There are 2 protein chains.
Amino acid sequence: MNVRPEPNTSSTPPPRAPDEGRAQSQRARNLSHVHPADVTLSDALTALADPVRRTIVKELAGGPDWTRACGTFDLPVTKATRSHHFAVLRQAGVIEQRDVGSRRLNRLRRPEFDAAFPGLLDLVLHERRASPGES
Amino acid sequence: MNVRPEPNTSSTPPPRAPDEGRAQSQRARNLSHVHPADVTLSDALTALADPVRRTIVKELAGGPDWTRACGTFDLPVTKATRSHHFAVLRQAGVIEQRDVGSRRLNRLRRPEFDAAFPGLLDLVLHERRASPGES
DNA sequence: TAAGGTATTCGACGGAGGTCGATCACCATG
DNA sequence: CATGGTGATCGACCTCCGTCGAATACCTTA
């Protein structure tokens with residue numbers, strides 16, 4: 001699980017917290033990212049094999065970058081599980097996160113992830129419905 | 001886990017057991033296949049998330065169809081586990097199997113699986129090495 | 001400072017799945 | 001028929017991981 005300097009790969013200029021120029025907060029310091037290029041195929045497939053995580057990815061692709069906080073997703077799990085899934089997606093290079101105020105905004109790493117695993121995200125985004133299986 | 005009539009989708013004419021025209025043996029009757037079109041994305045991703053199964057897929061792609069029996073693969077697991085993995089790949093629509101004599105020959109369902117999950121097999125076949133991580 | 005909202009962390013639980021040895025079924029030879 | 005080879009099945013074990021409640025940390029607003 002490598003961690004990169006993480007240059008600004010965003011397609012849209014990300015919003016900033018009010019206290020812009022100050023030192024990183026402890027919360028932001030704990031936010032470690034992994035670049036898709038450093039992710040194994042095992043980790044990528046495992047991350048996207050979970051239906052809850054695929055729901056997150058699909059909802060995230062439905063809107064602009066940096067507009068969805070973790071709590072705004074419609075998921076059939078509690079806060080703790082939700083937080084776990086976001087961490088897995090982040091460590092698998094699928095999403096990028098940034099703290100703004102008390103919320104944590106998300107972005108789907110479309111171009112970088114596509115470069116590392118061509119077609120994989122498309123497969124997820126073209127999926128009819130999640131797995132649980134009712135119409 | 002649907003089971004289809006399974007028409008002959010092979011690219012190469014598959015070999016036949018010596019007793020060609022006879023009734024299906026019990027062994028062949030237990031061999032149930034699932035067409036990739038009937039496989040969920042969850043099952044496809046889960047099947048290919050395992051390093052042992054990806055090794056099978058890659059070895060299978062390295063030679064012609066219907067030339068590799070289950071026992072001819074170089075896998076770090078016992079017979080029982082090996083048999084389990086082949087069953088998972090079969091139920092996920094990744095491979096097709098056919099009994100010839102006392103052996104069970106395999107075929108990678110390249111065109112059908114590609115049609116159902118474009119790019120997914122390519123991702124696996126282009127993977128540098130399996131996950132365990134030593135060169 | 002207090003209160004409320006957002007999100008992570010911790011510890012525990014339970015189920016799913018990868019693994020194995022042993023056994024069994026089937027096929028092909030002597 | 002007996003033997004050996006191939007592969008599936010069974011039962012058990014164990015680890016991983018998805019899940020949760022509770023506690024904690026951080027931010028914002030009053």
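This one's a predicted model, so the numbers in the text were calculated from it and none came from an experiment.
- Note: CG (N106(A)) to C1' (dT6(C)) measures 12 Å, nearest angstrom.
- A side-chain donor from one of R54(A) and S42(B) sits under 3.5 Å from a side-chain acceptor of the other.
- In this structure, the CG atom of D50(B) is 17 Å from the P atom of dT15(D), given to the nearest Å.
- In this model, no donor atom of one side chain and acceptor atom of the other lie less than 3.5 Å apart for T72(A) and R103(A).
- Phosphate contact (OP1/OP2 of dG7(D), side-chain N/O of R82(B), threshold under 4.0 Å): absent.
- Regarding contacts with the backbone of dT19(D), a side-chain N or O of H85(A) is found under 4.0 angstrom from either OP1 or OP2.
- At the heavy-atom level, A87(A) lies nowhere under 4.0 Å from the strands shown.
- The side chain of R53(A) places an N or O atom within less than 4.0 Å of a non-bridging phosphate oxygen (OP1 or OP2) of dG18(D).
- Judged purely by atom type and a 3.5 angstrom limit, N106(A) has no side-chain atom pairing as donor or acceptor with the backbone of Q97(A).
- The side chain of S83(A) lies closest to dT9(C), out of dG5(D), dT9(C), dG18(C).
- Side-chain proximity of V77(B) to dC20(C), dT8(C), dT6(D): nearest is dC20(C).
- Look at T81(A) and you'll find a side-chain N or O under 4.0 angstrom from OP1 or OP2 of dC20(D).
- Among dT19(D), dA7(C), dC20(C), the nucleotide with an atom closest to any side-chain atom of R103(A) is dA7(C).
- A straight line from CG of L89(A) to P of dT8(C) spans 12 Å, rounded to a whole angstrom.
- Rounding to whole angstrom units, CG of residue L105(B) and P of dA28(C) are separated by 12 Å.
- Regarding contacts with the backbone of dT19(C), every side-chain N or O of T78(B) stays at 4.0 angstrom or more from both OP1 and OP2.
- Between H84(A) atom NE2 and dC16(D) atom C1' the separation is 10 Å, expressed in whole Å.
- Residue pairs meeting the ring-ring contact (aromatic ring centres under 6.0 Å, His included) criterion with at least one partner in residues 86-118 of chain B, sequence neighbours excluded, are F73(B)-F86(B), F113(B)-F117(B).
- Mapped onto DNA chain D by nearest heavy atom, Q97(B) and K79(A) fall at different nucleotides, with Q97(B) at the one closer to the 5' end.
- The residue among P76(B) and F86(A) whose nearest nucleotide of DNA chain C lies closer to the 5′ end is F86(A).
- Here dT6(D) presents its C1' atom at 14 Å from CZ of F73(B), a figure rounded to the nearest Å.
- The side chain of A69(B) lies closest to dG7(D) when the candidates are dG5(C), dG7(D), dG5(D).
- Atoms CZ (R90(B)) and C1' (dA8(D)) sit 9 Å apart, rounded to a whole Å.
- What separates CZ of R104(B) from C1' of dA25(C) is a distance of 11 Å, to the nearest Å.
- Remark: the T40(A) side chain and the E127(B) side chain contain no N/O donor-acceptor pair separated by less than 3.5 Å.
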